[in-house]
Amino acid sequence: MDVKAILRAKGNKVVTVEPHVPVATVVYLLKDEGIGAVVVSDNGKRVLGIVSERDVVMGLAQHGDDLLNRRVSEILTREVITCQPSDSVAQLMTDMTHQRVRHLPVVESDELCGMISIGDIVKYRLAEAEMETDVLRDAYIARSSLPG
């Protein structure tokens, strides 16, 4: 089970913003897109940082009302933990839990190619567990219906 499988199911769309845009733009993007984070990039491919709901809250605590007029570059998280399409979902679950992050940009050959959230991982794992349960139940029913 790897990141590629999740991206195949959910798609590769990643919302990005340039570092100079106002924080207000990010707030509206988070709301309108129903997402928890955006990648900060100057070209849509290079990850310069990430801005999550948590960054916005921290920015509000630090800058107050003025936050919405400030630039994204003032509140972004610069040290971004990323993953690759070949990374295992089990490893990501562990890494995300230990690092306390909920969003990981997916990068391949130094280019942004997707975004994985903890919600995506949970959804995928639940579907996988349901499929395993169905297979085991079908095998049990088939075995118990054999004569003798």
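Please read these numbers as outputs of a predicted model, since none were measured by experiment.
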Residue list, side-chain contact (heavy atoms from CB on, under 4.5 Å) with [X], at least two apart or on another chain:
X	answer
N43	S41, K45, R46
M58	R54
P22	T25
A90	S88

Go through the structure and list residues passing side-chain hydrogen bond (donor to acceptor under 3.5 Å, both in side chains) with T16, not counting sequence neighbours.
none
Go through the structure and list residues passing side-chain hydrogen bond (donor to acceptor under 3.5 Å, both in side chains) with S117, not counting sequence neighbours.
D120
Do N12 side-chain atoms and C113 backbone N/O form a donor-acceptor pair below 3.5 Å?
yes
Partners passing salt bridge (charged side-chain N to carboxylate O under 4.0 Å, His left out) against K4 (at least two apart in sequence or in another chain)
D2
Can you tell me which residue pairs pass the salt bridge (Lys or Arg N to Asp or Glu O under 4.0 Å) test with a partner in [range], sequence neighbours excluded?
range	value
residues 93-119	E53-R102
residues 11-25	K13-E33
residues 67-86	D66-R70, R70-E74

The test is side chain to side chain contact (heavy atoms under 4.5 Å, CB included); show your working for L112 and V106 and say whether it passes.
CA-CA 6 Å; L112 181 65; V106 183; 5.9 Å; no
Any chance you could measure L67, atom CG, to L60, atom CG, to the nearest 0.5 Å?
5.0 Å
ILVMFWY clustering at 4.5 Å (side-chain atoms), partners of Y28
none
Check against side chain to side chain contact (heavy atoms under 4.5 Å, CB included), I116 and L7:
CA-CA 8 Å; I116 297 292; L7 291 179; 3.8 Å; yes
